[in-house]
2 protein chains.
Amino acid sequence: MATTIRSVAAAAGVSVATASRALSGSPAVVDSTRRRVIQAAIALDYTPSRLARSLVTGSTGNVGVILPDITNPFYTSFLAGLEAALGAQDIGVLIGDSGENPDRENRLVRRMSTQVDGLVLASSRLSDEQIVAATSRRPVVLANRMLETSEELPKRLGQVVIDVHPGFTAAVNHLSSLGHRQLTYVDGPAQSWSGRQKRIALTLACSALGLPLRIRSTTRADFGAGRTAGRQVAAEAAQDGTTAVIAFNDQMALGVLAGLREAGKDVPGDLSLVGCDDSLEDGLAWPALTTVGSSARALGELAAHKILNPMGQEAGLIPTALIVRDSTERARSDRGAPVA
Amino acid sequence: MATTIRSVAAAAGVSVATASRALSGSPAVVDSTRRRVIQAAIALDYTPSRLARSLVTGSTGNVGVILPDITNPFYTSFLAGLEAALGAQDIGVLIGDSGENPDRENRLVRRMSTQVDGLVLASSRLSDEQIVAATSRRPVVLANRMLETSEELPKRLGQVVIDVHPGFTAAVNHLSSLGHRQLTYVDGPAQSWSGRQKRIALTLACSALGLPLRIRSTTRADFGAGRTAGRQVAAEAAQDGTTAVIAFNDQMALGVLAGLREAGKDVPGDLSLVGCDDSLEDGLAWPALTTVGSSARALGELAAHKILNPMGQEAGLIPTALIVRDSTERARSDRGAPVA
DNA sequence: ATGAAAGCGCTAACAC
DNA sequence: GTGTTAGCGCTTTCAT
């Protein structure tokens, strides 16, 4: 079989304990011995069994990440940030795709729990109770979601979220200043915690300006759902007066763009469009998409940090800011008027 | 600490051995006993330690996947397919992003090797020798890459690839039939095995038709590199007569599209454009991208299958086919002529 | 049908 | 500074 620490010890002529010490850099081993052990280890191409080590130390050097859809660029960036931060510390990453399904998510939690030091749940679809329960297995970090139960937070729970308020407020102000008087928000799935934050931020910002807000819900946060919504928006824009739409995320915004186009509407000529996440490279969309930018990657890095040093109960926050590009324009009704 | 099998055994009033047998469904345990054990396990919310189990059985129930860039939709789909297929069998997935870096890839192989039953290397940047070496640690499945050494394949190596020939040949024929006489191929990174396959397929198809092919190499397979290439193509199109470009993948095609646009070129009016992978939902790009379609997801599923049942030395093949959409059009020089 | 005991590969007291 | 020993939680002979 594979070479074990025993063969290394034998080859170096020392006991297993000494070999272990030498390899793990314990100071309690004289240099000459260490050299011999290391030499033997190299010669035998020895790689310590993480399994055995974990079993005895109680720490696995792995963390588990569960997300609703690996395919979504937001989670993909999140994962990239997380993996990079963790990998730099030589921590392994176990992933699971819950497919937005709470049962599957729970199974993943169970399956992973015995082989990771902590769990990162991104946009978890679990109930608050289930999340608290998971906490008793392993420390968990909730990403892009916060518990809403008023009781105090479980000790082993961390939270990292994106603060959508500044970005969404800026988006509304931006559109308003361009003369848009009726906004439509194309939301993501109803269970989404971040969707709710976005609705709240928009509602607040709109009512501060006395602007009406139309909210359209969807079942998935992807291109297809956006496209359907886009077609509907186009069909009803004449009646409801919508001249600007804000989407739950960039994928959906792309869909809205496609749907609008198919209905013969021009962006930004007929309607302005704002996405969210800044997950598309500038210029990838045409016209380049104005978006509420935030860094999913930074969120992933923050989650990694939080799972590594669980100190502090306050939620980690990633800011947002509006990134104005070419998909928003002065409202038609407002054109010809002097530009600010 | 967590509840172990010992507590379960105690609660059920049986020995650890019996508890183990009962839980793992051994027939050698009478039903009444099994019921008691299972009940106790449920009552204690027992989850067996995968670590301990792995240590004794020698099988971990995990596989490791290493890919060059988690952020790339191609790998993302690949990963989704792999994870779905493996997860259905209750197999865990450890991921690592090599960042196109062979050293990092090798470190990941090492790190994972002791906690997985097999390794899937997607578009590996390792040398053939290094791959063969990895084989001695764990069974490996190479995805989107094949060994080129003429010697016989290592016993524990599987290969799954995309057969680019039909799709790329069709692309060339398609463009040729539209009257395009000078094609440019915007390639991916030089180390890419699949890039080479694409070059070969294109060269073959072009020479069969007597068409010249211009090849442009890049260092990364992303949007930015594509955009740069697009600008260059636009600048030189007048001299070299290029009227159609084929890109290494859809991301790059999107970049080429952006670069072309920035240079004032219209697609498909001035130049036709073909992508590869069909990783963009239809309509996501504007104009909708003609592309050499293949299923990265299917490749992932095939890789999962291959790592699970390592029988057979023949490489698994995923076919490609041309998907014609709106980014390709009759060459300007050819317009007005009767359409076939 | 069940229990006792060995041992997977490793680390961590505890001796010397 | 190094060796001996005891386990981490589990599965698996081998007895009974």
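Of the residues in residues 106-118 of chain A, none lies under 4.0 Å from DNA chain D by heavy-atom distance. Sorted by residue number, the list of members of residues 29-44 of chain A with any non-hydrogen atom under 4.0 Å from DNA chain C is empty.
Judged by distance alone, the side chain of B:S77 and the main-chain N or O of B:P73 form a donor-acceptor pair under 3.5 Å. A donor-acceptor contact shorter than 3.5 Å links the side chain of A:D97 to the backbone of A:I70. Checking side-chain atoms of B:D128 against main-chain N and O of B:T149 turns up a donor-acceptor pair under 3.5 Å. Side chain of B:N309 to main chain of B:M311: no donor-acceptor pair is present (N/O by atom type, distance under 3.5 Å, no hydrogens or angles). Put simply, the side chain of B:E83 never gets that close to the backbone of B:A80: no donor and acceptor are under 3.5 Å apart.
The side chain of A:S15 contributes an N or O atom lying less than 4.0 Å from OP1 or OP2 of D:dG3. Listed pair B:S49 / D:dG9 fails the phosphate criterion, with no side-chain N or O lying under 4.0 Å from OP1 or OP2.
For the pairing with B:Q159, the side chain to side chain contact (heavy atoms under 4.5 Å, CB included) check across B:V140, B:N144, B:L142, B:V141 returns one residue only, B:L142. When the options A:R125, A:R107, A:E105 are evaluated for a side chain to side chain contact (heavy atoms under 4.5 Å, CB included) with A:I66, the one that passes is A:E105.
Summarising the geometry, atom CG belonging to B:L299 is positioned 12.0 Å from atom CG belonging to B:L79; distances are rounded to the nearest 0.5 Å. Taking CZ of B:R104 as the start and OG of B:S98 as the end, the distance is 8.0 Å to the nearest 0.5 Å. Distance check, rounded to the nearest 0.5 Å: CG of A:L94 to OG of A:S113 gives 11.0 Å.
Spacing between atom CZ of A:R53 and atom P of C:dT11 amounts to 5 Å, rounded to whole angstrom units. Counting to the nearest Å, the P atom of D:dG7 and the CZ atom of B:R6 are 10 Å from each other. To the nearest angstrom, P of D:dG7 lies 14 Å from CG of A:L55. Spacing between atom CG of A:L51 and atom C1' of C:dG7 amounts to 15 Å, rounded to whole angstrom units. For A:L23 and D:dT2, the CG to C1' distance is 15 Å, given to the nearest whole Å.
Here the shortest heavy-atom pairing between A:G300 and A:L82 reads O-CD1, 3.2 Å.
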Under-3.5 Å N/O pairs linking protein and nucleotides 12-16 of chain C:
| residue | atom | partner | partner atom | Å |
| --- | --- | --- | --- | --- |
| C:dA13 | N6 | A:R21 | NH1 | 3.4 |

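The overall bend of the helix from C:dA1-D:dT16 to C:dC16-D:dG1, read as the angle between its terminal helix axes built from five base pairs each, is 40° when rounded to 10 degrees.
Under the side chain to side chain donor-acceptor pair (under 3.5 Å) criterion, the residue pairs touching residues 42-64 of chain B are A:R110-B:D45, A:R110-B:T47, A:R137-B:D45, A:R137-B:T47, B:R50-B:D90, B:T60-B:D117, with sequence neighbours excluded.
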Identify every side-chain donor-acceptor pair in residues 31-44 of chain A under 3.5 Å, counting partners at least two apart or on other chains, and give the distances.
| residue | atom | partner | partner atom | Å |
| --- | --- | --- | --- | --- |
| A:R34 | NE | A:A22 | O | 3.3 |
| A:R34 | NH2 | A:S26 | O | 2.4 |
| A:R36 | NH1 | A:A12 | O | 2.7 |

